[in-house]
Amino acid sequence: MDIRWPDRGTVLVDIDGRTLRVVGEALLERRPDFLIFPEHITHWEDGAPLEDAEKSDVLSQVIEAAAARGWIFAILRRDE
């Protein structure tokens, strides 16, 4: 998995030759560094839909990969 953080609201993740645009927001106080908005992540960059179970798994992997780089990512839970 390769992670690129090109701007404040986007993280690009490459997995097995596919790219996923992870939408969120970088937080200035860095608690967390990047807050993921899962409701805006609906498809791969090639247009293929991203199923909920797959999205959950991929976002967990993204959080782990970010942590390995010293970044703290979290998912915004609207239902909490």
Side-chain angles (χ1 to χ4, degrees):
M1 175 181 292
D2 182 50
I3 297 177
R4 292 172 281 139
W5 195 349
D7 60 53
R8 242 185 105 89
T10 305
V11 170
L12 297 174
V13 180
D14 295 317
I15 304 171
D16 298 328
R18 299 176 89 186
T19 301
L20 182 67
R21 180 177 304 273
V22 177
V23 179
E25 183 174 354
L27 302 179
L28 296 176
E29 294 187 18
R30 301 190 66 197
R31 283 175 273 179
D33 294 307
F34 189 79
L35 188 58
I36 298 169
F37 301 156
E39 69 274 11
H40 296 290
I41 304 166
T42 59
H43 59 278
W44 294 92
E45 286 296 285
D46 64 9
L50 184 65
E51 303 299 327
D52 287 340
E54 182 182 26
K55 177 170 45 175
S56 178
D57 182 51
V58 168
L59 291 181
S60 292
Q61 292 178 44
V62 167
I63 289 169
E64 289 177 22
R69 290 166 175 77
W71 302 333
I72 301 168
F73 284 16
I75 298 172
L76 176 64
R77 307 273 186 213
R78 298 268 185 208
D79 56 343
E80 294 179 356

Could you list the donor-acceptor pairs under 3.5 angstrom formed between side-chain atoms of residues 8-24 and any protein atom two or more places apart in sequence or on another chain?
{"unit_1": "R8", "atom_1": "NH2", "unit_2": "E25", "atom_2": "OE2", "d": "3.4"}
{"unit_1": "R8", "atom_1": "NH2", "unit_2": "A26", "atom_2": "O", "d": "3.1"}
{"unit_1": "T10", "atom_1": "OG1", "unit_2": "D7", "atom_2": "OD1", "d": "3.2"}
{"unit_1": "D14", "atom_1": "OD1", "unit_2": "R4", "atom_2": "NH2", "d": "3.3"}
{"unit_1": "D14", "atom_1": "OD1", "unit_2": "T19", "atom_2": "OG1", "d": "2.5"}
{"unit_1": "D14", "atom_1": "OD2", "unit_2": "R4", "atom_2": "NH2", "d": "2.9"}
{"unit_1": "R21", "atom_1": "NH2", "unit_2": "E45", "atom_2": "OE1", "d": "3.4"}

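For the side chain to side chain contact (heavy atoms under 4.5 Å, CB included) test with W71, the passing option among I63, I3, V62 is I3; the others fail.
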Worked check of side chain to side chain contact (heavy atoms under 4.5 Å, CB included) between E54 and W44: CA-CA 11 Å; E54 182 182 26; W44 294 92; 3.6 Å; yes
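Under the 3.5 Å distance criterion, the side-chain polar atoms of S56 are left unmatched by any main-chain donor or acceptor of D52.
Remark: E39 CD to R77 CZ distance equals 11.0 Å, nearest 0.5 Å. Note that CD1 of I72 and CZ of R31 are 9.5 Å apart. Values are rounded to the nearest 0.5 Å. Here L59 contributes atom CG and E64 contributes atom CD; the two are 11.5 Å apart, rounded to the nearest 0.5 Å. Here L35 contributes atom CG and D33 contributes atom CG; the two are 11.0 Å apart, rounded to the nearest 0.5 Å. In this structure, CG in L76 is found 11.5 Å from CZ in F34, a value given to the nearest 0.5 Å.
Residues I41 and V58 fail the side-chain proximity criterion, which asks for heavy atoms closer than 4.5 Å.
Counting all heavy atoms, side chain and backbone alike, A65 lies closest to M1 at CB-SD, 3.7 Å.
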